[in-house]
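Keep in mind it's a predicted model, so treat the numbers as computed, not measured.
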Amino acid sequence: MTAPTPADRAIALRRQLDDANYRYHVLDEPNIPDAEYDRLLRELDELEAANPDLITPDSPTQRVGNAPSARFAEVRHAIPMLSLGNAFTQEDPAPGEDPYQEVRDFVRRIAEKLKRPHLFFSVEPKLDGLAISLRYEDGVFVQGATRGDGATGEDVTANLRTIKAIPMRLRGKGWPRVLEVRGEVYMPLAAFRAYNERALKDGGKVLANPRNGAAGSLRQLDPRMTAQRPLAFYAYAVGLVEGGELPETHSRTLARLRDWGFPVSAENRVVDGVEGLLDYYRDIGARRDTLPFDIDGVVYKLDDYEGQREMGFVSRAPRWAIAHKFPAQEQMTVLESIEVNVGRTGAVTPWALMQPVQVGGVTVTRATLHNADQIARLDVRNGDTVIVRRAGDVIPEVVRVVLERRPPGTRPWSMPTHCPVCGSEVVREEGEAIWRCSGELTCAAQRKEAIGHFASRRAMDIEGLGERYVEVLSDLGYVTSVADLYRLSVEHLLEMKRRADERDGTTPETVKAGKVATKWADNLIEAIDRSRNTTLERFLFALGIQHVGESTAKALALWFGDLELIRRMPWPLFKRVPDIGGEVARSLGHFFDQPGNQQVIDDLLARGVTIGDAHPPHPKLREDLGVASLLVDLEIPKVTRVRADQLAAAFPRVDALVDAPAHQFISAGLPSESANALAAWLEVPEHAALLARGGQVVEHLLSITPEGDTGPAGPLEGKTVVLTGGLAAMSRDEAGAKLEALGAKVAGSVSKKTSLVVAGEAAGSKLAKAQELGIEIWDEAQLLAFLAKHA
DNA sequence: AGCCCTCGAGTTCT
DNA sequence: CTCGAGGGCT
C-alpha cells in the first residue's frame, strides 16, 4: 500500500466535508463535531495552498469567499421566477362573512376547471427571506442568481458558495444534465439573534430583521462578508431542466431534490382540498412563534404538474399556486403625536398615538415609547412614518422610523418641562432614565393612579372600583385621598353618577335605569366595606410607597408584624430585613415622615380598616440586631462595620453615644479620622435624633422579638419555586400560596438558583429556560399530588 | 467594580 | 412581558 497522493487526499477530504454539510444542513443529523469539520477544512485548505492545481470550483474551501467583485453581473433566468398571487385572511369578518373566502375562491377556480373529485396540494411555509435560483451543470453548482424582477436577477454565485446548506455538487444520481433549483435564502432566528448580540458587543452593525439580514448579506460585494453571516437555504421549486426528467408531482420533485442534497423544509405536506389547506394554515399559524425561522404565510401549490399545466397563468402569476399570508406582525403607519402619561410614582412615560393599523390581527393605535432615551435612540418625531411590531409578546412597539418618509420641518421630540396634568416641574434623578412629575399628591394624575392602585385586586381588592370610576370620583372631588373611599355612601355615588352624566353629556338615566344605578352603588359600597378587613401586607402594598411592591410589603409584614411598629420605624432599621437596602429603607422612611401620609393611615384606621394579622417580629430579626448594626445602617461616613463594633462595645446604650464628644470615640478605639467624622455627623440635630430614636427602637424590638424557634420546617424549606403557564385546578396565586405554606419561596423568574419549576398549560420561555438549566420540572398533576400528600 | 438575581413599574387590547 | 434598577455576593 502506498501513501495517498495529495490529489487522493483532497478528494477524500472534499467527500467528507460535503457529507458533513449534507448531514448538518439537510438531514439535520450532524455526524462530526464542528471542530472536526474545521480541522478537515483547514487540512484541505493547506493541501490546496501547497498544490494550487488541485483546487476545483466546487471545493468546500471555495465557499470561504474570494476577492470582492466590483458589481454584480446580470443573469437572465431561462425560465422566469414567478411571483405568487396572495390570499389574505379577512381580519374583522362581518357576521356571516367567511374570513377564508380568498382561499376558497382559489380552490373553486381550480375545481371548476379540472373537474376532479379530489384536489391534492403541496403546502409549505413561506419563508421570509430572499428567493434565489441555483444552476447545476453535470451536477456541479455553476451559477446562482437573485430573483430580481423575475426575468433578470443578479449573479451572486460567489456569495451563495459561502452558504453551507447549498450543495456545491449534487449527491446521488439521476439528476438532469442542467438543473435550476429555486429556493429561499434565509437567516435562522437563533443565528440572527446571536449575530446581533455579537454585533452589539463588538460595536458592529446590527441587522434590522432576519429578512434584511439575508437580503443584505447576499448583496455584499465581498463574499468574505457573506461568509460571516449565518445564512441557510430551503429549496422549493425547479426551473429549467435539460437532459433529464422530473417526477410528475411537485411533492415527489421535492423528495428528489432532497436526495440530491438540497435542504427541503420539514414542514412541507400534501393535503386534500380546501379544508386540508386551512387546517395546515391554522396549524402553522399556531406554531409560528416557535418555528426556528420567520415566515409570512404558507404557500399552496397544486401538486401534480399535469393539473398545473392545465391551469396555466394569469399575467405572471400561476393560477395553480397561491401564497396565503398571515396577518402581518409588522406594519407601517403614521405616528400622529407623541403623548405622555403620568404614572403612580410620577413617572412621565411617552407613548405614540398612531393612525390605526392591523398588526397581528388586532387594531393598534398606541404603543409605549418607554422613556426619553428610547425616543432619542429611535429618533421618532411627530408625523413620522413608523414600523410597529406586535410579536409573540403581544404588546405593540415602535421598531423604527422610516426616515425616507419623514415630512419636512420636523424637530426632535423633547420631554415636556412641566407635568401636563398639574404643571409641576418634570425632573430626572442623576443617571436615571425616567423623568418624574415632582407634584406628588398635588398632581391629579398621581392621585388617581394612587387610588386605583389602592383599590386594585392585589392591594385592597375593592371589586368594581375600576379605572373609570376612580377617574370620576377623583375628578369630581369625591375622593382626594384613599381614606375618602371609606366615607362614601350610596347617595354620594348616585350624586356623582348624575354629575358625571351631566358633565359628559350622557342622557340622564330613566327611572328604570335608575334602579340599576342604585344596584351598582349598593354593590360598590359593599365591596368597599368588604375591603376594610385586610392583611398587613396588602395594606402596606396598597399605600403605594415607592420601591415597595408586593414582595417587599410581604417581607415587611413578616419581619415586623405590626403596622404601628412599622409606621414609626427609624428608616435605617428597615435594612434589617433581607432584600431591603438603603434605597428602599430611605423610601419607606420618607413616606412615613410625611405628616400627610400618617394622617391618611390614621383616617383609614379610624374609618374601620382593620389589619387582621398583627404578630410579634420574626425571630430572625434578633440576628445582628443591635447598636453596631444600627450604626452601620445609618451610613455614617467613615464608620465601617469594624468601627461600629468598637463603638457598640464602648457604648452599650445609645443615649451616651449621642452626646459624647469626639475624644470618647478615640478612647473607644476609633482612629481620629473616623471619630471626627462621627462627631461632625452628630452635629446635625436630625442625625442625633435619628440615632437616639434608633437606639430606643432597637431596645424595644429586642424586648418583643421572640427567641429562635421559627416553627416546623416545611417540606419545601429552602427551595425556590417558579410557577409558569396556566393551571386548571387553581390559579397561580393560589398554588403559590400553598407552596409558600410548605416553606417554599415562590419567585417570578427562572435562574440557576431555582430549585423547581411548575409548568402548566402553554408554558413559554420560563419552561424553556428551566430545561436549558436542567432544573427539575413538574406538571400540574405532580404539583397536585405533592400538595395532596403534604396538605 | 462587576455580575447575577429579583423586584417594581408601566403597558395593550378584547 | 420587558426594561431599569436595587440588593447582595465575589
Side-chain angles (χ1 to χ4, degrees), chain A residues 91-92 289 327 329 339-354 356-375 377 388-399 428-437 445-446 448-450 452-453 456 458-459 466-467 537 540-556 574-588 632-633 635 641 720-722 724-725 732 745-755 762-769 773 775:
Chain A
E91 288 182 13
D92 298 308
D289 290 337
Q329 287 183 326
E339 309 283 335
V340 297
N341 203 8
V342 181
R344 171 169 68 82
T345 62
V348 179
T349 325
W351 52 276
L353 178 64
M354 298 166 297
V357 266
Q358 292 281 316
V359 190
V362 300
T363 311
V364 170
T365 52
R366 38 172 78 190
T368 178
L369 293 166
H370 292 118
N371 55 48
D373 294 350
Q374 170 81 354
I375 294 184
R377 254 196 307 278
V388 193
R389 176 168 54 200
R390 189 174 163 277
D393 55 346
V394 182
I395 294 173
E397 57 172 348
V398 173
V399 186
R428 166 152 81 167
E429 293 272 314
E430 186 91 18
E432 294 225 326
I434 293 169
W435 290 80
R436 294 196 142 84
C437 158
Q446 292 190 52
K448 247 181 251 182
E449 297 288 334
H453 171 77
S456 69
R458 313 189 73 96
E467 205 175 311
E537 58 179 274
L540 288 170
F541 175 55
L543 290 175
I545 304 164
Q546 234 185 90
H547 298 127
V548 180
E550 271 188 293
S551 168
T552 307
K554 184 184 254 176
L556 286 166
F574 286 121
K575 289 202 266 179
R576 293 292 89 214
V577 178
D579 295 333
I580 293 184
E583 205 64 33
V584 178
R586 239 186 292 271
S587 169
L588 281 157
V632 173
D633 291 344
E635 298 173 17
R641 180 77 218 192
T720 304
V721 183
V722 173
T724 181
R732 268 209 301 263
K745 182 169 157 30
V746 178
S749 57
V750 177
S751 72
K752 51 187 175 186
K753 285 189 185 167
T754 310
S755 350
S765 61
K766 286 177 201 173
L767 173 60
K769 181 145 190 210
L773 294 171
I775 290 164

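A donor-acceptor pair under 3.5 Å links the side-chain atoms of Ser587(A) to the main chain of Gln546(A), judged by distance alone. His547(A) places no side-chain N or O within 3.5 Å of a backbone atom of Ala585(A) that could act as its donor or acceptor partner. For the pair Ser755(A) (side chain) and Thr720(A) (backbone), a donor-acceptor distance under 3.5 Å is present.
The distance between atom CD1 of Ile580(A) and atom C1' of dC7(B), rounded to the nearest whole Å, is 12 Å. Going from atom CD of Glu550(A) over to atom P of dG8(B) covers 8 Å, rounded to whole Å. Taking atom CG of residue Asp633(A) and atom P of nucleotide dG8(C), one finds them 10 Å apart after rounding to whole Å. Atom NZ in Lys745(A) sits about 13 Å away from atom C1' in dG8(C), given to the nearest Å. Computed from coordinates, the Arg641(A) CZ to dG8(C) P distance equals 14 Å when rounded to whole Å. The distance between atom CD of Glu583(A) and atom C1' of dC7(B), rounded to the nearest whole Å, is 14 Å. When the C1' atom of dT10(C) is taken as reference, atom NZ of Lys752(A) falls 12 Å away, rounded to whole Å. The separation between Ile375(A) atom CD1 and dC3(C) atom P is 16 Å, rounded to whole Å.
Taking every side-chain heavy atom of Lys753(A) into account, dC5(B) is the closest of dG6(C), dC5(B), dC7(B).
For the pair Lys575(A) and dG8(C), the criterion of a side-chain N or O lying under 4.0 Å from OP1 or OP2 is not met.
With contacts defined as side-chain heavy-atom distances shorter than 4.5 Å, the pair Ile545(A)/Leu588(A) qualifies.
Checking His453(A), Gln446(A), Arg436(A) one by one against Thr345(A), the side chain to side chain donor-acceptor pair (under 3.5 Å) holds for a single residue, Arg436(A).
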Which nucleotides of nucleotides 9-14 of chain B have their base under 4.0 Å from a protein heavy atom (B), which only their sugar-phosphate (S), and which neither (-), written as one string 5' to 3'? SSBSSS

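No contact: Lys554(A) has no heavy atom under 4.0 Å from any strand.
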Run Val584(A) and Phe574(A) through side-chain contact (heavy atoms from CB on, under 4.5 Å) and show every step you take. CA-CA 8 Å; Val584(A) 178; Phe574(A) 286 121; over 6 Å; no

For a side-chain contact (heavy atoms from CB on, under 4.5 Å) check, start with the C-alpha distance between Arg377(A) and His370(A), then their side-chain angles and the critical distance, and finish with the verdict. CA-CA 11 Å; Arg377(A) 254 196 307 278; His370(A) 292 118; over 6 Å; no

